[in-house]
Amino acid sequence: MRTWVLHVDLDQFIAAVELLRHPELRGRPVVVGGDGDPTRPRTVAATATYEARARGVHSGTPLRTALRRCPDAVFLPSDPPAYEAASARVMAVLRDFPADVEVWGWDEAFLGVRTDDPEALARDIQRAVRERTELSCSVGIGDNKHQAKLASGFAKPAGVHRLTGDTWAEQMNHRPTDALWGIGAKTAGKLAELGLRTVAELAAADPAGLAGRFGPTNGPWLRYLALGKGEAEVVTTPWIPRGHSRETTYREDLTDPAEIAAQISGLARQVTADAAGAGRAIIRVTVKVRFAPFLTRTRQTTLPSPTTDPRTVTGAALDALARFDLNRPVRLLGVGAAYQMPARTRTASP
DNA sequence: TCTGGGGTCCTAGGACCC
DNA sequence: TCTGGGGTCCTAGGACCC
């Protein structure tokens with residue numbers, strides 16, 4: 001028996017949950033996002049069913065664009081508590097297997113397992129999830145999280161796929177660098193400027209050259225990704241959030257300084273209440289302002305000591321706001337809190 | 001396509017101190 | 001008078017992910 005990392009990825013999670021609640025919509029183009037009003041500006045789709053995707057509507061498409069492209073689509077409001085509940089049911093199913101389970105958002109989890117037949121286990125997991133939640137998932141099998149994550153993508157929809165060190169080169173070498181988990185459009189573009197377009201080319205690149213271009217940590221890490229390496233440890237201890245934020249895009253730009261300050265105060269009070277509710281103290285406050293048409297700037301204030309006092313946090317947010325030049329219309333305001341982290345537990349000292 | 005909301009981590013530069 | 005190197009903290013921004 002050997003160990004494997006499995007990545008379980010629910011197929012079309014939000015849309016699938018909505019179709020369970022509205023079975024009559026099956027087979028129709030459905031778009032989920034915002035409050036479900038497709039005429040509302042500055043709102044985007046959280047997800048879209050296959051029928052809607054075929055009409056050019058994807059997650060991230062503005063709802064007004066979606067309405068233009070697909071006037072007969074059904075628009076549903078986003079309902080996070082419902083997705084939270086469905087996710088919890090799925091994770092409970094996964095935890096019934098003899099596996100370490102690391103939850104990775106609503107619709108994903110990594111499992112650390114020991115077995116001689118990971119495909120059979122993957123099929124068992126899919127069957128259990130389907131029987132107990134009526135949801136479909138894809139399962140990737142790898143030696144580490146990176147491989148398993150990519151494999152579940154290849155398995156979609158509803159499939160099982162194995163990608164390990166043994167088959168990495170044959171499966172990945174020909175692909176563009178942004179096929180790797182952690183390389184997006186920007187980094188792929190910079191790599192292309194260096195003549196590195198494929199996974200194979202990146203894997204063979206000079207680490208020192210990459211470090212010079214992307215920094216001492218990121219540079220070598222990129223090559224590491226291209227070699228199919230990655231974290232293999234599945235962590236079952238609960239994640240401790242680093243911070244929390246609230247932001248709002250306004251339907252119409254704000255220009256009145258008093259109104260802007262009032263909005264920042266409200267967001268700061270919300271963020272403080274969230275922190276207090278989570279039993280966490282705030283050490284730094286960041287104010288985010290997105291000016292029209294789409295220029296985003298931040299200012300932050302480090303607090304003298306960790307706090308959950310709303311007046312202190314609000315004051316710090318208003319201080320940060322005062323450092324902006326508010327001479328342009330504002331489309332978004334946000335307030336973020338960095339949390340004090342628990343003291344690191346000491347491991348064996350050298 | 002006129003571009004949500006909520007996260008994570010990394011980098012670079014400056015201040016400050018020894 | 002001019003010149004160091006290292007460490008740490010803080011700030012702002014960028015990139016990526018779901």
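Every chain is numbered from 1, with letters handed out A, B, ... down the list of sequences.
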Exercise. With a 4.5 Å limit on heavy-atom distance, are the side chains of A/Thr164 and A/Thr167 in contact?
Worked result: yes
Seminar exercise, completed: Tightest non-hydrogen contact, residues A/Ala268 and A/Val313, listed as O-CG1, 4.2 Å
Exercise. B/dT3 C1' sits how many Å from A/Lys288 NZ, rounded?
Worked result: 13 Å
Exercise. OP1 or OP2 of C/dT11 less than 4.0 angstrom from a side-chain nitrogen or oxygen of A/Thr302, does that happen here?
Worked result: yes
For this session: State whether A/Lys190 places a side-chain N or O below 4.0 Å from either non-bridging phosphate oxygen (OP1 or OP2) of C/dA15.
Result: yes
Exercise. Which nucleotide sits closest to the side chain of A/Asn218: B/dC9, B/dT11, B/dG4?
Worked result: B/dT11
Seminar exercise, completed: Contacts of A/Ser245 and A/Arg331 projected onto DNA chain B by closest heavy atom; the upstream (5') one is A/Arg331
Seminar exercise, completed: Output field dot_bracket for DNA chain C (Watson-Crick or G-U, both distances under 3.5 Å, | for other-strand pairs) contains ....||||||||||||||
Exercise. Touch check for A/Trp239, heavy atoms < 4.0 angstrom, all strands: base, sugar-phosphate only, or nothing?
Worked result: sugar-phosphate
Problem set entry | Listed nucleotide nearest any side-chain atom of A/Arg242, set B/dG4, B/dG6, B/dC9 | B/dC9
Problem set entry | Candidate nucleotides B/dT1, B/dG4, C/dC18, ranked by approach to the side chain of A/Thr65 - the nearest | B/dT1
Problem set entry | Closest contact, heavy atoms only, A/Ser152 versus A/Ser138 | O-CB, 3.8 Å
For this session: Scan A/Thr61 against the nucleic acid and name what it touches under 4.0 Å (heavy atoms): base, sugar-phosphate only, or nothing.
Result: nothing
Problem set entry | Which residue lies more 5' along DNA chain B, comparing A/Gly243 with A/Thr249 via nearest heavy atoms | A/Thr249
Problem set entry | Minimum heavy-atom distance between A/Phe110 and A/Ala148, given as atom pair plus value | CE2-CB, 4.5 Å
For this session: Would you kindly check if the NZ (Lys) or CZ (Arg) of A/Arg328 is within the cone defined by 45 degrees around the ring axis of A/Phe291 and under 6.0 Å from the six-membered ring centre?
Result: yes
For this session: Can you see which heavy atom on A/Val271 is nearest to which on A/His244, and at what distance?
Result: CG1-O, 4.1 Å
For this session: Describe the nucleic acid contact of A/Gly215 in one word from base, sugar-phosphate, nothing, applying a heavy-atom distance below 4.0 Å.
Result: sugar-phosphate
Problem set entry | Residue-level proximity of residues 292-301 of chain A to DNA chain B when a heavy atom falls under 4.0 Å | A/Pro293, A/Phe294
Exercise. Should A/Thr187 be listed as having a side-chain N or O under 4.0 Å from OP1 or OP2 of C/dC16?
Worked result: yes
Problem set entry | Sugar-phosphate only, base, or nothing, as touched by A/Pro216 at under 4.0 Å among non-hydrogen atoms | sugar-phosphate
Problem set entry | Enclosure of A/Glu134 CD (heavy-atom neighbours >12, cutoff 6.0 Å) | no
Exercise. Considering only C/dT11, B/dT11, B/dG6, which nucleotide approaches the side chain of A/Arg284 most closely?
Worked result: C/dT11
For this session: Give the nucleotide from the list B/dT11, C/dA15, B/dG6 with an atom nearest to the side chain of A/Thr217.
Result: B/dT11
Exercise. Can you find a side chain N or O atom of A/Lys149 that sits less than 4.0 Å from OP1 or OP2 on C/dC18?
Worked result: yes
Exercise. Does A/Arg290 make a side-chain N or O approach to OP1 or OP2 of B/dG4 shorter than 4.0 Å?
Worked result: yes
Exercise. Under 4.0 angstrom, heavy atoms only, what part of the nucleic acid is A/Ala185 near: base, sugar-phosphate, or nothing?
Worked result: sugar-phosphate
For this session: With heavy atoms under 4.0 Å as the rule, sort A/Trp106 into base, sugar-phosphate or nothing.
Result: nothing
Exercise. So do A/Trp181 and A/Leu150 actually touch side chain to side chain, heavy atoms under 4.5 Å?
Worked result: yes
For this session: Show the numbers, then the answer: is there a side chain to side chain contact (heavy atoms under 4.5 Å, CB included) between A/Thr248 and A/Gln270?
Result: CA-CA 12 Å; A/Thr248 304; A/Gln270 267 188 11; over 6 Å; no
Exercise. Hey, quick one: are A/Val5 and A/Val103 part of the same hydrophobic cluster, counting side-chain heavy atoms closer than 4.5 Å, chains of contacts allowed?
Worked result: no
Exercise. Across the strands shown, which category fits A/Thr248 at heavy-atom distances under 4.0 angstrom: base, sugar-phosphate, nothing?
Worked result: sugar-phosphate
